[in-house]
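Notes follow the structure.
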Number of protein chains: 2
Amino acid sequence: MTDATDRDRPAPLDPDMFHPLCPSSAMPFRVGDKWSGMVIRCLQDGPRRFGELRVPLKAVTPKVLSETLRAMERDGLVTRTAYDENPPRVEYTLTSLGRTLIPLLDAARAWSETHLPALLAARGAAGSLD
Amino acid sequence: MTDATDRDRPAPLDPDMFHPLCPSSAMPFRVGDKWSGMVIRCLQDGPRRFGELRVPLKAVTPKVLSETLRAMERDGLVTRTAYDENPPRVEYTLTSLGRTLIPLLDAARAWSETHLPALLAARGAAGSLD
DNA sequence: ACCCCCGGTTACCGCAACGGAACCGGCGCT
DNA sequence: AGCGCCGGTTCCGTTGCGGTAACCGGGGGT
């Protein structure tokens with residue numbers, strides 16, 4: 001197709017971008033709700049559709065995803081744009097405020113890459129004998 | 001008194017360091033559990049006793065505080081040192097791993113100072129009319 | 001005998017987050 | 001007529017974090 005709606009469309013999301021072994025879950029930080037940080041990651045390269053977000057976030061149910069997006073919209077982190085087409089199309093975009101969180105996520109990721117193994121080792125050691 | 005136990009003791013904690021209007025509560029981040037970030041702030045200048053932590057964290061009950069400290073100890077973020085004295089004395093100290101979280105807390109605080117008003121404004125606007 | 005000190009523990013409970021499964025509406029295709 | 005697509009919503013159940021209130025142990029003071 002490659003029509004107008006495909007312009008400005010970022011590359012497809014990697015279905016495994018939140019692999020089960022990804023630190024996102026064990027990491028001792030959270031941005032907003034459980035999924036908000038991952039949503040920001042999904043949106044950082046451009047607008048995404050609801051169903052598109054469900055690909056990498058396969059563990060999230062539509063209910064929780066829509067709750068998360070609604071909360072983020074209320075907080076001015078994303079904008080929701082509904083196109084009156086058929087089948088319906090809705091796009092979510094990071095606002096400039098939402099974009100300001102990306103460096104924080106980067107910092108959190110950097111911390112995890114450096115220090116999370118030590119934390120998990122400590123946790124494992126405590127769990128096994130103490 | 002100023003005896004040996006007072007050596008290396010940091011200045012007393014400010015009872016209002018977590019003022020109700022402090023962004024810590026509205027901030028869209030969390031480090032670990034609800035109180036972990038504040039505990040790290042309390043410990044960043046040196047070891048603190050259990051009762052000492054309860055001064056600025058006056059909203060936390062002893063149960064939750066001890067749970068928090070225990071979890072942080074399991075994760076290798078703090079060390080607990082009990083002195084066999086009377087009345088009992090226990091000191092909590094940040095480990096070097098725990099100290100690595102301080103820059104992250106600084107980044108979160110900087111974000112809040114810059115952007116939290118915008119987030120709260122968006123939230124307020126959404127709540128009032130939508 | 002009583003109470004205070006400190007640093008907790010125990011039992012109980014409420015609420016919000018999270019999750020599963022099913023359903024919906026409008027249009028187009030077959 | 002029936003099915004599928006998309007972007008949700010609704011109902012219901014579970015989990016677990018966090019909070020409340022009460023209690024504990026052991027020495028020392030009065």
Side-chain angles (χ1 to χ4, degrees), chain A residues 1 5-6 9 12-13 18 20 24-26 28-39 42-43 47-75 78-93, chain B residues 1 5-6 9 12-13 18 20 24-26 28-39 42-43 47-75 78-93:
Chain A
M1 279 302 191
T5 66
D6 287 342
R9 198 119 270 283
L13 291 171
F18 298 116
S24 323
S25 39
F29 313 100
R30 278 180 75 177
V31 176
D33 289 334
K34 180 174 182 185
W35 302 97
S36 306
M38 301 189 201
V39 167
C42 290
L43 294 179
R48 298 291 184 183
R49 308 180 51 166
F50 188 87
E52 209 169 357
L53 293 171
R54 297 195 60 191
V55 174
L57 303 173
K58 35 188 179 305
V60 70
T61 63
K63 176 203 157 203
V64 174
L65 180 55
S66 79
E67 283 173 357
T68 301
L69 289 167
R70 234 173 267 292
M72 294 177 74
E73 195 189 1
R74 273 201 313 272
D75 285 353
V78 301
T79 53
R80 196 188 103 113
T81 311
Y83 297 90
D84 201 350
E85 301 172 358
N86 194 285
R89 183 165 63 97
V90 178
E91 282 190 346
Y92 293 92
T93 313
Chain B
M1 281 298 195
T5 67
D6 287 340
R9 199 117 270 284
L13 290 172
F18 300 115
S24 322
S25 39
F29 315 100
R30 278 179 74 176
V31 176
D33 288 334
K34 179 173 180 181
W35 301 96
S36 306
M38 300 187 205
V39 168
C42 291
L43 294 180
R48 300 289 184 181
R49 309 179 51 163
F50 189 88
E52 208 170 0
L53 293 171
R54 297 195 61 190
V55 174
L57 302 173
K58 38 189 176 303
V60 71
T61 62
K63 175 205 160 202
V64 174
L65 180 55
S66 80
E67 282 172 358
T68 301
L69 290 166
R70 233 171 268 291
M72 294 177 74
E73 195 189 3
R74 273 201 313 274
D75 286 352
V78 300
T79 52
R80 198 189 103 112
T81 311
Y83 298 89
D84 202 351
E85 303 173 352
N86 197 284
R89 183 166 62 98
V90 178
E91 282 190 344
Y92 294 93
T93 314

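As the structure is a computational prediction, the values presented were derived from the model and not from experiment. Letters go in sequence order (proteins before strands), and every chain restarts at 1.
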Which residue lies toward the 5' end of DNA chain D, A/Asn86 or A/Glu67, if each is placed at its nearest nucleotide?
-> A/Asn86
Atom OG1 of B/Thr68 and atom NZ of B/Lys34: how far apart are they, to the nearest 0.5 Å?
-> 10.0 Å
Given that A/Lys63 and B/Arg70 both sit by DNA chain C, which one's nearest nucleotide is further toward the 5' end?
-> B/Arg70
Starting at atom CG of B/Asp33, determine the distance to atom C1' of D/dG19, rounded to an integer number of angstrom.
-> 14 Å
According to a strict under-4.0 Å criterion, is B/Ser66 in side-chain N/O contact with OP1 or OP2 of C/dT9?
-> yes
Okay, side chain of A/Arg80, backbone of A/Glu73: is any donor-acceptor separation there less than 3.5 Å?
-> no
At under 4.0 Å between heavy atoms, what does A/Arg54 touch on the DNA or RNA strands: base, sugar-phosphate, or nothing?
-> nothing
For the side chain of B/Phe50, starting at C-beta, report the closest nucleotide among C/dC18, C/dG8, C/dG20.
-> C/dG8
Testing C/dG26, D/dT9, C/dT10 for proximity to the side chain of A/Pro88, the answer is C/dG26
Using atom CZ of A/Arg30 as one end and atom C1' of D/dG16 as the other, report the distance to the nearest whole Å.
-> 12 Å
Side-chain atoms of B/Val64 come closest, of D/dC5, D/dG18, D/dT9, to D/dG18
Among A/Leu65, A/Thr61, A/Leu13, which residue meets the side chain to side chain contact (heavy atoms under 4.5 Å, CB included) test with A/Arg54?
-> A/Leu65
Of the candidates C/dT9, D/dG19, C/dG7, the side chain of B/Lys34 sits closest to D/dG19
May I have the distance from A/Leu57 (atom CG) to C/dG19 (atom P), rounded to whole angstrom?
-> 11 Å
B/Tyr92, nearest nucleotide to its side chain (from D/dG8, C/dG8, C/dC18) = C/dG8
Side-chain atoms of B/Pro62 come closest, of C/dT9, C/dG19, D/dG7, to C/dT9
For the atom pair CG (A/Leu69) and OH (A/Tyr92), what is the distance rounded to the nearest 0.5 Å?
-> 5.0 Å
How far does CG of A/Asp33 sit from CZ of B/Arg30, to the nearest 0.5 angstrom?
-> 10.5 Å
Under 4.0 angstrom between B/Arg89 side-chain N/O and C/dG7 OP1 or OP2 = no
